[in-house]
Every structure is written in structure tokens, then in C-alpha cells.
There are 2 protein chains.
Amino acid sequence: MSQTAKAPRSRRSTNRVTMDDVAARARVSASSVSLFLRNPEAVSPRIAPRIKQAIDVLGYVPNLLAGSLAAARTRAIGVVVPSLGNAFFSATVAAMQKEFDRHGYQLLLGATEYQPGREADLVRTFLSWSPTALVVTGCRHDDETRALLRSARAPVAEMWELGEQPFDLQVGFSHHAAGEAVARHMLEIGARRVAFIGARMDSDVRARQRCEGFARTMLKAGIEVHVEDAPGDASPKAGAHALADILQRMPEIDAIACSNDVIALGVLFEAQRRGIAVPQQLRVAGFGDLPFSEECVPPLTTVQPRATEIGLRIAQELMERAELPEADKEPRIVDVGFELVVRASTLSANTRQDA
Amino acid sequence: MSQTAKAPRSRRSTNRVTMDDVAARARVSASSVSLFLRNPEAVSPRIAPRIKQAIDVLGYVPNLLAGSLAAARTRAIGVVVPSLGNAFFSATVAAMQKEFDRHGYQLLLGATEYQPGREADLVRTFLSWSPTALVVTGCRHDDETRALLRSARAPVAEMWELGEQPFDLQVGFSHHAAGEAVARHMLEIGARRVAFIGARMDSDVRARQRCEGFARTMLKAGIEVHVEDAPGDASPKAGAHALADILQRMPEIDAIACSNDVIALGVLFEAQRRGIAVPQQLRVAGFGDLPFSEECVPPLTTVQPRATEIGLRIAQELMERAELPEADKEPRIVDVGFELVVRASTLSANTRQDA
DNA sequence: TTGTAGGCGTTATCAT
DNA sequence: ATGATAACGCCTACAA
């Protein structure tokens, strides 16, 4: 006689608890369970507790993969940052994660570490997850990344920088203007011999923009800025070394702007070691308004970039678009601005007024 | 008469490029495309280029959701950290992300911000992604989290702390021992009136462990430690305020240990403002060996925790388990240790030798 | 309100 | 080496 009917190909090795299991135990159909999960009010008050209990007893955990595949949308947002070591971005990411989480969305994280090509790789990876949205840092992208982002079905948010043509959303501010603001302030307090210290400005576009904004404004006032570009990450050590270099080349230096508060901190330390009085002999300004900037000696004049607000605004805008599919598809630009925070490192009772 | 035959329910609204599209264009079966994607060598050299070209022309991006669902495994690792603002964890996460990425795994990130209950929520969310592995911070978890982790089919790694019963992998070091090391060093240099400054030690278990290790060691030497616990995040401001407090209560203080270098930095600033010489009048030690710790004035004695190595080791171990399914299932504990880095903030030519 | 069944885009099994 | 086909677990249009 016929050998046993071909055993149905069973790949069900995963003895995972499924929605069907819950349905069976609650003696309802799987669709009722599905409905209950999405909107508990929608099922009759008689079966609701049964479903609830079955879920608890079985320890059912919904399979998001299956759900996302079926619904053709994943509750995940891909986020690309240059580096997590950078306090600016980690603050923004933290704010985003919190808000996404509140809406039940998962944050997928990737860091480029400023390596060329990594951005495109990360975006490609994210896209294969069918994310609800993508968040990238800055507005400058290589051709490959641009193509990927353009073809993405998900809205694309660019953060921390304005400019270029936005894909869907840009939330940031003008780094050029930030550099300008510091320069104007330094001109007001009588700076004459001026330097700018940055780190890795070949790959850190935004630091370079701040530098340019600073240098151009100074140049308009007839002051040429000596630019020092440290090779590695921004760090106090880079700042200290740069100051040492600068003092050799232009001992008469009287003002230094830095692309990052951690660099400025190093400048303060080196000045302290050398007995150079800040701000009396040397004025120092930074960028970032990090936790130590208010507390250091002297407190640091700096630019506060609203890192948290950037993350929050992006998350809010994206969640809105995700939940109102009819939302306007118009690209949107949000300038969150920045604030020049003047502290003692550029002010002193006896500010020089020599012309 | 019968109305038109039921149109086959088509939900194919997503005009996504699928593997079938690629197969059609390359005039092969979807199976071959799938095979090619996973192992290009496995298909005949005649059709390989056709598939490759079709992929390029169509701009095909594989759908990881479908793939993961079918394969019953997701190339994703869920990672729970207390906070991204903390430089320790962001360094570890960065190292992990890099290594995971190298193996084609995606990092899912969640932060608890030290809120009770958040850990369980995040773990639950991650589990619904069927991740390859889970990484959590520390070994203390509430009952709910423990239950979830225990029931997880994926290996669980605990980081930054050793102790308790490991689920599958623990990579960290003893914070108690770190506190002890600092205490012994301070005893050697003759500290007598001692305080410890921490931040939020009710929720930051590891900071509390360092504090306990420090205080107990001191107590054995007959020295009672005054403990100051700042309410918010660790910050220079918290350190400065704590020092001010301490000076009021015990003006004769001669040594302060901090649970974090950023707190110690604040202590240094406040001491500088008050004209208290470090280390001559006051010895200061921290924890973390952050970028500024080597550069500040005076350079800071601290404990270097190997944040990057923790991330790397975890990633390597997890990738190994993921790729060798036959790997040993034995729980494993890796003590990466720490290093006491002695710098000028606790040393001086004229170290007091009074008994 | 509840149930039925087709489809989401892959991978895995099996036959050729 | 290649192809046909059955899962994977859920969502959702539609019928009851």
C-alpha cells in the first residue's frame, strides 16, 4: 500500500509560541488575537480576558519580523552618525531614541567613524530592513548614498546641518553662522592675533564650516586667521599640542577659537601650565557647551548647539509623518539655531582697547 | 448572474523590486538568485554574471525581514545600556557596533536612562525581533528582566560587571576591586581624612560598588570615609558642589576619590578656584581615564576600565557562538580587569609622611 | 464582532 | 547546478 503520505515538509524547528497557539488556548481565531493586540477595545469583553490570559500563560512574544513583513512596514528607524564618541551626537541619539521608543519604534544605529563609503554601506543595510524612516548626519553625501536615499521609500531626515537640497527633512543650523558669531564676539573684545584650532577638518565637514565662517569674518575685519588642524579626534591633548605649536609660530597670539569644547579645554590646561592668563593674555572660545564648559577655570565662552532639540524635533516630525500617512510630502527645513554663550574665557575687567 | 470572478486578493501594493524580479530578468529561478546571494561561487559561472547584472540594473535590495523570517534568525543584536551620554558605554557600544557590522549584523540600541522597568521593556522589544543575541549592562536585573532573559532563545551577554550567575557570557571587571585599588593607593600616599564623591549611586549599581570597595578598604585601615552622593548625572558641576560641601563639613580633608573622572574634574576646578593645591593639600582620584584625564592640571590619577575591549570581546564571543552553532553552551566569564593609572593628582615631591 | 484564506519576500527542502 | 514548492508568522480584505 501507499507508503505514508509524504510527510509535509516541516521546518517548524522553532518551537516558538505563535499567535495560533494563543488563539487555540483562548479558543478564538488568530485574527481575533491580532485584533486584540492592536486594539484591545475592539474585541468583545468576553473573549478579551481569555486572550489576555492565554498570552500571559504562554509567554507569547509577537514576532515583529512576521508582522512587519505582512504589514510591509517596520517599526524601526535607521540612524547614521559619524561617531558615538562625540558627545554632540550621542546626546541627539539619546533624545531620538527616547522619543522613538515612546511611539514603539526601534532605533537602528550605525556609525561611520568618518570613513568614506561607510555611510552608503550603512544606508544600504538599513534599507534592507524596510525602515519607517532614515536619519543621516549632515547634508553632504557621496553619489552612492544620494542615490540610495533618493530611491528610499522611507522619509529621510538630515540632521546637524542645513544646506543643499533636502530630501524630506532637515533639522540643524548653520555652522558657518556659528563660526561667524564667535568671530564677531572676538572682534568686539579686541582680538587681533587670532588662531583657529580644529580636528580632522578634512573629514568633519561641519567643523570646517565653523572654521570658514570664523576665518572669513575675521578676514573682513582685516585679520588673517592662523588655522591649526589636528589629525585625530578632537581631544584636550590635540588642543594642548596645537597651542604649543601656535605659541612657537606666533608668540603674540591673543585669541583662539576652537572647533570643539574639548579642544578648548586642552588649550586652557596648556595655558595654565605655561602661566598664560586666560582671558587677560589669551582669549579662548569653543563650540559645544559641554558639561565641563560652564565649570572649568575660567568658564568657557562657547556656542551651544541644542543637540537634544535636534533629536527631539527629528523624532517628532518623523513620528508625525509615520502616523499620518496623508501628511504633506513637502520637504521641510527646521533651523534650531544656536546660542553664543559668553563666559569669562573671553572677558576680563581690563579688556584691551588698543586699536 | 455571477458577478465577475472574485479578483484574487492582491495586496501587492509594494512595488518593491523582489528576488523574483531579479530572477525573471536573469532568466533563472529565485532559488538560484538566493543561492548566489549567499554564496556566489555556488552557481555556474555562466549565470552568475547575469544575476549580478540584473541585481545592479534593478537596484535590488534584499528584504531582510523576509529573509530573517524564513531563516528563523535575524542578523541583529539588541543592546541595552543605561545611558549614551556616558562616555564609558558609548565607547563600548562603538566598539561592538564596529565588530558586529564587520560580520553583517545590525545593532539595535536601547537606553534605560536609569529608569526602573525600562530594562525589561527594552529586552521585551528586542526579543520580538528574534535577535541573534542580547547584550545588557550589569548583572543586577529585576525579576521580570531575568525571566525574559532566561526564556530567550538567544545568548545573553552581560557587560561591565561580574558577579551573580551568568546567563551565557559576562565580560567586565570587579568594581569593588577598582574601588579597593584606589583606596590602597591613597593609603600608601598617606591619606587620612578621606571622602568619596559619587553621583546617583542609588541607581548606578557599579558606582556604588566602587564606593563600597573604597570605603571598606579604608575602614580596614581605620579610616572612615565621608560619602557624598550627588543627585543627577555625574558632571563637573556635581563634583565642584560636592567639594564645596565637603570642605564645610571637614575642612581638614586631604584626599577625595570620585566615582567618575568628570566628577573629579569638577573637584580639580573647584580646588583651583579656592587656591587649594592638588596634590599638595588635597589628593584627587577618579574613575574612567577619559580623554581629559591625562591632560588636565594636574593630570588625574584614575582607573582605566578598558571600555573598548569589553565591547570587542563581547562582539567576538557572540559572533563566534552565532557562527558555530555547535559551540559550547557553557556560561563564560571574562574578566578584562582594569588598570590603576597613577598621575600627579595624588603624587607630590613632598608627600606627607605624618603618621 | 469573529473567522477564513491569501499574500508579504525570503530560505530550505527536495527532486531533477 | 538548478528549479519547484512548502514553510516562516502575521496582517488584512472580505465573508459570515
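Here is the naming used below: chain letters follow the sequence lines, and residue numbers restart at 1 for every chain. All values derive from a computational prediction rather than experimental measurement.
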J.: Sequence neighbours left out, what passes side-chain hydrogen bond (donor to acceptor under 3.5 Å, both in side chains) with Glu158(A)? Give chain and number order.
T.: His141(A), Gln170(A)
J.: Considering residues at least two apart in sequence or located in another chain, which fulfil the side-chain hydrogen bond (donor to acceptor under 3.5 Å, both in side chains) criterion with Ser203(A)?
T.: none
J.: In whole angstrom, give the distance that lies between atom CZ of Arg50(A) and atom C1' of dT2(C).
T.: 12 Å
J.: With pairs taken as Watson-Crick or G-U wobble and both distances under 3.5 angstrom, which stems of at least three consecutive pairs involve DNA chain D?
T.: C:1-16 with D:1-16
J.: Does the Ser29(A) side chain pair with the main chain of Ala23(A), one donor and one acceptor, at a distance under 3.5 Å?
T.: no
J.: Where along residues 51-66 of chain A does a heavy atom fall under 4.0 Å from DNA chain C?
T.: none
J.: Please report the distance, rounded to the nearest Å, between CZ in Arg46(A) and P in dT2(C).
T.: 7 Å
J.: By side chain to side chain contact (heavy atoms under 4.5 Å, CB included), which residues pair with Leu169(B), not counting sequence neighbours?
T.: Ala157(B), Val171(B), Glu317(B), Leu318(B), Arg332(B), Val334(B)
J.: Can you list every side chain to side chain donor-acceptor pair (under 3.5 Å) pair that touches residues 54-83 of chain B, not counting sequence neighbours?
T.: none
J.: Using the ring pair (Phe, Tyr, Trp, His ring centres under 6.0 Å) criterion, which residues pair with Tyr105(B)? Sequence neighbours excluded.
T.: none
J.: OP1 or OP2 of dC8(D) less than 4.0 angstrom from a side-chain nitrogen or oxygen of Arg73(B), does that happen here?
T.: no
J.: Filter on side chain to side chain donor-acceptor pair (under 3.5 Å), then keep only pairs touching residues 37-46 of chain A, sequence neighbours left out; what's left?
T.: Ser34(A)-Arg38(A)
J.: Below 4.0 angstrom from OP1 or OP2 of dT2(D), is there any side-chain N or O of Ser44(B)?
T.: yes
J.: Which residues pass the side-chain hydrogen bond (donor to acceptor under 3.5 Å, both in side chains) test with Trp129(B), sequence neighbours left out?
T.: none
J.: Mind running a 4.0 Å heavy-atom check of residues 22-35 of chain A against DNA chain D and sending the residues that fall below it, in number order?
T.: Ser31(A), Ser34(A)
J.: Could you give all pairs that pass the salt bridge (Lys or Arg N to Asp or Glu O under 4.0 Å) test and reach residues 129-144 of chain B, with sequence neighbours left out?
T.: Arg124(B)-Glu144(B), Arg140(B)-Glu161(B), Arg140(B)-Glu164(B)
J.: Provide, to the nearest angstrom, the distance between the CG atom belonging to Leu69(B) and the C1' atom belonging to dG9(D).
T.: 6 Å
J.: Within this structure, what is the CG-to-C1' distance between Asp20(B) and dG7(C), rounded to whole angstrom?
T.: 13 Å
J.: With a 4.0 Å cutoff (strictly under), does any side-chain N or O of Arg38(A) reach OP1 or OP2 of dT12(D)?
T.: yes
J.: Give the rounded distance in Å between these two atoms: CE of Met19(B) and C1' of dA4(D).
T.: 15 Å
J.: Measure from CG on Leu37(A) to C1' on dT1(C) and round the result to the nearest Å.
T.: 17 Å
J.: To the nearest angstrom, how far is Trp129(B) atom CH2 from dG9(D) atom P?
T.: 17 Å
J.: Measure CZ/Arg75(B) against C1'/dT10(C) and give the value in whole Å, please.
T.: 15 Å
J.: Name all pairs fulfilling the salt bridge (Lys or Arg N to Asp or Glu O under 4.0 Å) condition that reach into residues 91-115 of chain B, sequence neighbours left out, sorted by first residue then second.
T.: Arg118(A)-Asp101(B), Glu99(B)-Arg102(B)
J.: What distance do Leu108(B) atom CG and Leu108(A) atom CG have between them, rounded to the nearest 0.5 Å?
T.: 6.0 Å
